[in-house]
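Each remark here refers to the structure printed beneath this line.
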Amino acid sequence: MSMMADLGGGAELCSVSVISCLLLACSYVGSLYVWRSQLPRDHPTVIKRRFTSVLIVSMLSPLWVWAWRQYTGFKTGPSLLMLMGVHLEGIFAAACLPLLLTMVLFFGPLIQLVMDYPWDFIEGMKMILDPQFWVQCVADMRWMRNQVVAPLTEELVFRACMLPMLVPCTGLSRAIVTCPLFFGVAHFHHVIELLKFRQGTVTGIFLSAAFQFSYTAVFGAYTAFIFIRTGHLIGPVLCHSFCNYMGFPAIGAALDHPQKLTIFFFYVLGVILFLLLLFPMTDPIFYGSLAICHLTKPDTSTSICT
């Protein structure tokens, strides 16, 4: 008989869930430091080694959820893969709509990018369709890290694996707020490398880390929301990859831009449209059954799943 079969959302279940998420986060970050090296994090050798360790941890992370389920005895209903957002039902919408929604939010930065780097549309399409372009991208270790490996592994570990463990304890809304805290704290490890290689003053490094924590926590809440609303992993991964490409909006450059009024208009328009479209474009009707919503009790379910 399971040890915690009747715990529901009790304190013991919550303790096990939070500790499991914390240990999983530590395992992910710790895997980056199993390799001893005096080289900076952007060196290709360092990136390749970290690919190896972080991919191993990420592939083992579903076993962490399985072990949590076995230990707590919590009846999760749908299969483990369904809970982790790995299934085909509604996958086309899950791949497109959240990404389009995120691009709407970045309307201002995208317009600014087009103004500063006016590309010919035909030439741009030729470049994107050229296989050699993608070969060069894949050969670039920094591109692979920022656009492929980091989005895939981080969303798998910090969303697809942690949310199914947190939701039975916290409920859906609180899980959206709680889960990103592990994600934000996990990015504090960059402080170690910045201090090690003396890349800035101590005060500047810690202020930068605090800003990054805030930014990644807010972003993590957004992708957690996307994951729960769509029931798919692919949406958060693509949104994460896109945001890594865009970076934090260059507001300072926008304020100094010759056409700052136009850019400011699109910044504001993007935010307004994003808020208006947030729920319609993530309506669960587009994505099929939301497995993670089965983890909440009927009397504690929220409008997030409807």
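With hydrophobic clusters built from ILVMFWY side chains whose heavy atoms lie under 4.5 angstrom apart, Leu163 does not share a cluster with Val218. Cluster membership for Val135 and Ile128, using ILVMFWY side-chain heavy atoms within less than 4.5 angstrom, is not shared. The hydrophobic clustering, which links ILVMFWY residues whose side-chain heavy atoms are closer than 4.5 Å, places Val271 and Leu261 apart. When hydrophobic clusters are built by joining Ile, Leu, Val, Met, Phe, Trp and Tyr residues whose side-chain heavy atoms come closer than 4.5 Å, directly or via intermediates, Leu156 is grouped together with Leu32.
Taking all atoms of both residues into account, the shortest heavy-atom contact from Leu255 to Lys260 is O-CD, 3.0 Å. Considering every non-hydrogen atom in both Met281 and Leu97, the closest pair reads CE-O, 3.4 Å. Closest non-hydrogen pair, Ser31 versus Val57, comes out as CB-CG2, 3.5 Å.
In this structure, Tyr222 has its ring center under 6.0 Å from that of Phe274. Remark: aromatic rings of Phe107 and Phe265 are distant, center separation not under 6.0 Å. Two rings, from His240 and Phe219, have their centers less than 6.0 Å apart.
Between Cys21 and Cys179, the gamma sulfurs sit at a distance of 2.5 angstrom or greater.
In the hydrophobic clustering, where aliphatic and aromatic side chains (Ile, Leu, Val, Met, Phe, Trp, Tyr) are joined below 4.5 Å either directly or transitively, Ile56 groups with Leu60, Leu63.
Only one option out of Lys48, His43, Arg50 pairs with Met141 in a side-chain contact (heavy atoms from CB on, under 4.5 Å); it is Lys48.
Within a 6.0 Å sphere centred on OH of Tyr215, other residues, nucleotides and ligands contribute more than 12 heavy atoms.
Taking the salt bridge (charged side-chain N to carboxylate O under 4.0 Å, His left out) definition, one finds that Arg49 meets it with nothing, sequence neighbours left out.
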side-chain contact (heavy atoms from CB on, under 4.5 Å) between Leu233 and Met84, intermediate numbers included: CA-CA 7 Å; Leu233 175 61; Met84 294 173 56; over 6 Å; no
